[in-house]
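Read through the structure below, which is laid out as structure tokens, and then see the notes.
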Amino acid sequence: MQDLPDKAAQRLLTIMDPVHGGVKGAPKFPQPMILELIWRVGVRTNDTDLQNAVTRALDGMCAGGIYDHLGGGFARYSTDEEVVSLSF
């Protein structure tokens, strides 16, 4: 039964933005359920492509956009396809 989440994560990887993080296109909104599935499968299977997709999305969220100071969390991290350039 583990093959279903694995297949879903691989399919979701095709809609992830490999340059700017998150889901391709704009506007970029946090997708916690998508990120959690991809992350869990990536960790379980040791798939670095899946893990990197989530890390890239989270780095982009932390680097820019709107942080909900009243309710906490990320409301929207970019209104266009590009996010702040990261240099770590």
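Side chains included, hydrogens not; waters and symmetry mates left out as well; all remaining heavy atoms used.
Side-chain contact annotation: Q10 with D49, donor-acceptor N/O pair under 3.5 Å absent.
The side-chain hydrogen bond (donor to acceptor under 3.5 Å, both in side chains) test applied to Q31 returns no partner, not counting sequence neighbours. Residues meeting the side chain to side chain contact (heavy atoms under 4.5 Å, CB included) test with Q51, sequence neighbours left out: W39, V43, N46. Residues satisfying the side chain to side chain contact (heavy atoms under 4.5 Å, CB included) test with R44, not counting sequence neighbours, are Q2, D6, V41.
Between atom NZ of residue K24 and atom CG of residue D17 there is a gap of 7.5 Å, rounded to the nearest 0.5 Å. Distance check, rounded to the nearest 0.5 Å: CD1 of I38 to CG of L50 gives 6.5 Å. From I34, atom CD1 reaches atom CG of L13 across 11.5 Å, with rounding to the nearest 0.5 Å.
When all heavy atoms of P5 and L37 are compared, the closest pair comes out as CB-CD1, 4.1 Å. The shortest heavy-atom contact between G21 and R56 is CA-CG, 3.8 Å. Looking at every heavy atom in both residues, G22 comes nearest to A57 through N-CB, 3.4 Å.
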Check against side-chain contact (heavy atoms from CB on, under 4.5 Å), R40 and E36: CA-CA 6 Å; R40 286 177 177 267; E36 182 177 8; 2.9 Å; yes

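Residues M16 and L35 have side chains in contact (heavy-atom distance under 4.5 Å, counting atoms from C-beta outward).
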